[in-house]
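What follows is a set of notes on a single structure, which appears directly below.
Just so you know, these numbers come straight off a predicted model, no measurement behind them. Side chains are part of it too, since the values below use all heavy atoms of this structure and drop only hydrogens, waters and symmetry mates. Start at 1 with the first residue, then count along the sequence.
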Amino acid sequence: MSKFRIIGIIVLIIAIAIVIITVYDADTYSDFADAAKHKGKTVQIIGKLDRQKKITYDSTLNNLSLRFTMIDKKNNSEDVIYYGTKPRDFERLDEVVVTGHMNDSVFVAEDMLLKCPSKYTNSPDSVSKFEGKK
């Protein structure tokens with residue numbers, strides 16, 4: 001075998017390994033039931049804030065945390081705890097994506113993305129303000 005073929009095969013094996021590792025380690029969209037089955041595995045869950053349940057925010061420096069109840073896309077409800085500052089307008093959000101893992105009795109969110117589409121939609125009045133002169 002020539003030197004170029006050996007190098008080509010090695011590069012191909014490395015490329016395949018990178019693809020496999022990337023696919024295997026990628027965060028997956030999941031639900032609370034699946035996260036409970038695979039405790040410790042990092043997953044992303046999309047859901048809505050359960051406004052019927054209490055939201056607890058501890059702003060002390062030693063225990064900065066936000067605890068709330070979330071309902072996933074399959075209508076499963078679970079307590080979520082996020083260690084960090086409470087996002088502004090948290091109670092008014094439409095949808096939330098949490099990334100984290102299931103603990104014994106609570107989902108521990110390492111990251112949180114708020115989706116609030118109503119905040120970014122234009123009202124008819126704001127659109128008419130930007131219409132050009134005729």
Side-chain angles (χ1 to χ4, degrees):
M1 258 184 158
S2 73
K3 187 176 184 181
F4 291 112
R5 283 190 178 180
I6 294 173
I7 292 173
I9 291 172
I10 291 172
V11 169
L12 183 62
I13 290 172
I14 291 172
I16 291 171
I18 290 172
V19 169
I20 290 172
I21 290 170
T22 303
V23 170
Y24 181 74
D25 286 344
D27 290 341
T28 57
Y29 286 103
S30 188
D31 58 47
F32 287 124
D34 189 47
K37 281 189 244 177
H38 302 99
K39 288 184 180 178
K41 180 181 178 190
T42 300
V43 294
Q44 288 184 344
I45 299 176
I46 301 172
K48 294 186 179 232
L49 179 66
D50 187 351
R51 290 187 172 92
Q52 306 299 322
K53 304 284 175 118
K54 184 178 178 183
I55 298 170
T56 307
Y57 179 59
D58 186 354
S59 61
T60 59
L61 216 46
N62 295 339
N63 193 28
L64 193 61
S65 62
L66 174 65
R67 189 179 188 111
F68 59 96
T69 303
M70 186 174 133
I71 302 169
D72 66 14
K73 295 290 185 179
K74 292 188 177 178
N75 243 6
N76 299 317
S77 178
E78 196 66 54
D79 287 337
V80 177
I81 189 161
Y82 171 70
Y83 293 102
T85 58
K86 178 178 152 189
R88 200 172 94 201
D89 297 332
F90 180 76
E91 291 83 4
R92 297 192 299 168
L93 64 92
D94 286 340
E95 203 170 51
V96 62
V97 178
V98 290
T99 303
H101 63 278
M102 195 69 187
N103 204 341
D104 291 331
S105 61
V106 68
F107 186 85
V108 179
E110 296 152 5
D111 194 23
M112 192 166 44
L113 173 68
L114 308 180
K115 293 188 175 184
C116 192
S118 61
K119 184 177 181 179
Y120 301 106
T121 58
N122 291 330
S123 66
D125 293 336
S126 65
V127 173
S128 63
K129 289 179 188 174
F130 296 107
E131 288 179 1
K133 293 184 179 180
K134 294 181 184 179

Linked, directly or transitively: Ile6 and Ile9 (ILVMFWY side chains, under 4.5 Å): yes

Interatomic spacing from CG in Leu113 to CG in Leu93 - rounded to 0.5 Å: 10.0 Å

Close side-chain approach of Asp72 and Phe107, heavy atoms under 4.5 Å: no

Side-chain heavy atoms of Leu66 within contact of Met112, under 4.5 Å: yes

Heavy-atom side-chain contact between Tyr57 and Thr85 under 4.5 Å: yes

side-chain contact (heavy atoms from CB on, under 4.5 Å) evaluation trace for Ile14 with Ile18: CA-CA 6 Å; Ile14 291 172; Ile18 290 172; 3.9 Å; yes

Closest contact, heavy atoms only, His101 versus Lys41: CB-O, 3.5 Å

Derivation and outcome, side-chain contact (heavy atoms from CB on, under 4.5 Å), residues Tyr82 and Val96: CA-CA 12 Å; Tyr82 171 70; Val96 62; over 6 Å; no

Side-chain touch Val43/His38, heavy atoms, less than 4.5 angstrom: no

Within 6.0 Å of CD in Gln52, more than 12 heavy atoms from elsewhere: no

Check: Ile55 and Leu49 side chains under 4.5 Å, non-hydrogen atoms: yes

ILVMFWY network linking Ile81 to Met102, side-chain heavy atoms under 4.5 angstrom: no

Glu91 versus Arg51, closest heavy-atom pair with distance: O-NE, 3.3 Å

Considering all heavy atoms, the nearest Lys39-Asn103 contact: CE-O, 3.9 Å

Any side-chain heavy-atom pair of Arg67 and Asp79 under 4.5 Å: yes

Where Ala35 and Ser30 come nearest, the two heavy atoms and their spacing: N-OG, 4.0 Å

Heavy-atom closest pair, residues Ser59 and Leu64: CA-CD1, 3.8 Å

Straight-line distance of Lys74 NZ to Ile45 CD1, nearest 0.5 Å: 11.0 Å

Other residues, nucleotides, ligands: >12 heavy atoms within 6.0 Å of Tyr83 OH: no

Nearest heavy-atom neighbours spanning Phe32 and Asn76: CD1-O, 3.6 Å

Rounded distance (nearest 0.5 Å) linking atom CE of Met70 with atom CG of Asp50: 11.0 Å

Rounded distance (nearest 0.5 Å) linking atom CD1 of Ile46 with atom OG1 of Thr99: 9.5 Å

From Ile71 atom CD1 to Lys53 atom NZ, the distance as rounded to the nearest 0.5 Å: 8.0 Å

